[in-house]
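One-based numbering along the sequence shown. These values consider heavy atoms only, across backbone and side chains, with no hydrogens, waters or symmetry-generated copies.
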Amino acid sequence: MTSQELLQNVVAALEYRDSSGYVDGTAVETSTRGFIWSDLRQKCGVDAVYFKGAVPVVAFAAAESRGDALQTQRRLWNYGRVPVLIVTTESDVLALSCNMAGTDLDPDAALLGSASGGQDLGHVLADFTRFSVESGRLTKRHERRLDKRNRVDQALLRNLRELRARLLRAEVPETDIEPLLGRSIFIRYLEDRGILRTEDLLELNQPGSFVSALDQGWQAVSSFFDAMSDHFNGDVFRREAISQPATQDALNELSDFFQAADLASGQQSLWPYDFAIIPPDLISSIYEQLLSTNQRRDAAYYTPRHLVDLVLDELLTPAWWSGPTRSILDPACGSGIFLTEAFRRIVH
């Protein structure tokens with residue numbers, strides 16, 4: 001039996017197939033969930049998704065191996081919107097939490113349950129039936145592994161707050177923290193999106209990755225920033241923004257952060273953050289954390305994703321699409337999350 005055939009058996013046995021919330025690409029989705037489905041299929045490589053309303057609840061995927069299955073779970077963890085993945089190989093079914101990342105000490109931290117293809121799937125995987133999901137039984141039975149505090153957004157922002165404190169202790173001036181972190185995150189985003197490839201960096205006479213530059217010290221990092229300033233337009237990498245060289249202790253903290261170490265506990269994740277998959281609204285939250293000490297003074301508050309979705313659902317109606325002037329104005333732009341998400345929907 002192929003992994004795809006086993007996946008179809010699982011979907012049927014767990015009673016998702018005939019649900020109106022089940023989406024697998026066989027029909028064109030024009031609602032809000034169509035946009036999310038397209039995102040999940042392209043970014044995370046899933047084969048189907050079960051939605052409760054417009055909220056993705058369970059993802060389904062067929063994989064060649066257990067390693068490939070864990071790669072899909074990694075992508076979904078970075079996406080941060082689907083709590084459960086049910087994935088099949090040729091012989092096995094794995095139910096995985098996408099709110100949990102494995103560590104060296106607990107590589108199977110995300111495993112919720114498993115079965116083999118020859119078993120009674122509806123019985124062995126009873127915790128993952130559509131009824132169990134909709135009734136809340138799944139969440140109650142696997143409360144620790146589905147805890148939202150381990151989700152990518154919570155983990156990333158928690159570590160960012162800790163990183164900010166550690167940079168201050170490592171003698172980084174408070175005024176330098178925003179430009180240092182902002183440009184560092186932007187570089188990692190460009191790397192993960194394939195815009196800054198290793199060969200591009202070597203052609204610019206830079207180390208093959210930004211983390212490599214961090215490990216080599218401030219001179220390498222400063223040269224990296226200068227190369228980015230020359231290579232890209234805009235003032236993200238303006239030379240005078242950072243007032244003094246960062247200590248190696250500060251650069252080591254940055255390196256640990258980008259490799260997804262839990263800075264408070266010291267535990268190392270099995271994978272780093274993937275900024276190619278992390279949603280843009282989470283990047284907005286990152287900038288909110290960078291500005292946290294001046295929020296009240298500057299009124300710098302950013303809109304959470306569910307409110308962005310609500311407003312855009314009301315705005316991008318058939319009447320808007322058929323109107324004579326299809327324009328969107330955000331006069332209090334902030335991080336640009338409304339415009340970014342509106343653009344992504346229009347492209348979709």
How many angstroms lie between [atom1] in [X] and [atom2] in [Y], if you round to the nearest 0.5 Å?
| X | Y | atom1 | atom2 | answer |
| --- | --- | --- | --- | --- |
| Thr2 | Glu64 | OG1 | CD | 9.0 Å |
| Met100 | Arg149 | CE | CZ | 10.0 Å |
| Ser114 | Leu96 | OG | CG | 9.5 Å |
| Leu254 | Gln259 | CG | CD | 11.0 Å |
| Tyr79 | Ile278 | OH | CD1 | 12.5 Å |
| Leu125 | Ile86 | CG | CD1 | 7.0 Å |

Tell me if a side-chain donor or acceptor on [X] pairs with a main-chain N or O of [Y] at a distance below 3.5 Å.
| X | Y | answer |
| --- | --- | --- |
| Glu314 | Val311 | no |
| Ser135 | Phe131 | yes |
| Gln73 | Ser97 | yes |
| Arg145 | Asn99 | no |
| Asp200 | Arg197 | yes |
| Ser322 | Pro318 | yes |
| Asp47 | Ala62 | yes |
| Gln71 | Ala69 | no |
| Arg183 | Arg238 | yes |
| Thr88 | Ser3 | yes |

I want to check something: taking the side chain as every heavy atom from C-beta on, are [X] and [Y] in contact at a cut-off of under 4.5 Å?
| X | Y | value |
| --- | --- | --- |
| Ser209 | Thr198 | no |
| Met228 | Leu196 | yes |
| Ser184 | Phe225 | yes |
| Val58 | Phe51 | no |
| Asp92 | Val87 | no |
| Leu160 | Leu181 | yes |
| Trp321 | Ile346 | yes |
| Glu203 | Glu199 | no |

Connected via hydrophobic side-chain network under 4.5 Å: [X] and [Y]:
| X | Y | answer |
| --- | --- | --- |
| Leu316 | Leu339 | yes |
| Ile337 | Phe343 | no |
| Leu251 | Phe258 | yes |
| Leu112 | Val57 | yes |
| Ile195 | Tyr273 | yes |

Contact summary for [X] and [Y], nearest pair of heavy atoms:
| X | Y | result |
| --- | --- | --- |
| Leu312 | Ala342 | CD1-N, 3.7 Å |
| Leu14 | Gly122 | CD2-CA, 4.3 Å |
| Gly25 | Trp37 | N-CZ2, 3.6 Å |
| Trp218 | Pro245 | CD1-CB, 3.2 Å |
| Pro207 | Leu202 | C-CD2, 4.4 Å |
| Phe224 | Leu201 | CZ-CD2, 3.5 Å |

task = Go through the steps for Glu341 and Phe35 under the test side-chain contact (heavy atoms from CB on, under 4.5 Å), then give the verdict.
result = CA-CA 10 Å; Glu341 290 302 303; Phe35 165 70; 4.0 Å; yes
Using a 6.0 Å cut-off, check whether atom [atom1] of [X] has over 12 heavy atoms from anything other than its own residue.
| X | atom1 | answer |
| --- | --- | --- |
| Gln244 | CD | yes |
| Asp18 | CG | no |
| Phe232 | CZ | yes |
| Arg345 | CZ | yes |
| Gln248 | CD | yes |

Residues [X] and [Y]: side-chain donor-acceptor under 3.5 angstrom:
| X | Y | result |
| --- | --- | --- |
| Ser132 | Asp127 | no |
| Asn150 | Gln154 | no |
| Tyr50 | Asp24 | no |
| Ser212 | Gln216 | no |

Salt-bridge present ([X], [Y]; N to O < 4.0 Å):
| X | Y | answer |
| --- | --- | --- |
| Arg158 | Asp153 | no |
| Arg130 | Glu15 | no |
| Arg169 | Glu162 | yes |
| Asp39 | Arg344 | yes |
| Asp192 | Arg75 | no |
| Arg74 | Asp68 | no |
| Arg144 | Asp147 | no |
| Asp226 | Arg239 | yes |

Residues Ser255, Asp215; criterion side-chain contact (heavy atoms from CB on, under 4.5 Å); working and verdict = CA-CA 7 Å; Ser255 180; Asp215 294 339; 3.3 Å; yes
message = Under 6.0 Å between ring centres: does that hold for His142 and Phe128?
response = yes
request  = Take Phe275 and Asn78 through the test side-chain contact (heavy atoms from CB on, under 4.5 Å) and record every step on the way to the result.
outcome  = CA-CA 8 Å; Phe275 289 94; Asn78 274 283; over 6 Å; no
key: Distance under 6.0 Å and angle within 45° of ring axis: Arg188 vs Phe210   = no
ask   = Relative to each other, are the rings of Phe60 and Tyr22 parallel, tilted or perpendicular (30° and 60° limits)?
value = perpendicular
query = Can Leu76 and Leu40 be said to form a side-chain contact (heavy atoms from CB on, under 4.5 Å), step by step?
reply = CA-CA 8 Å; Leu76 285 165; Leu40 286 166; 3.8 Å; yes
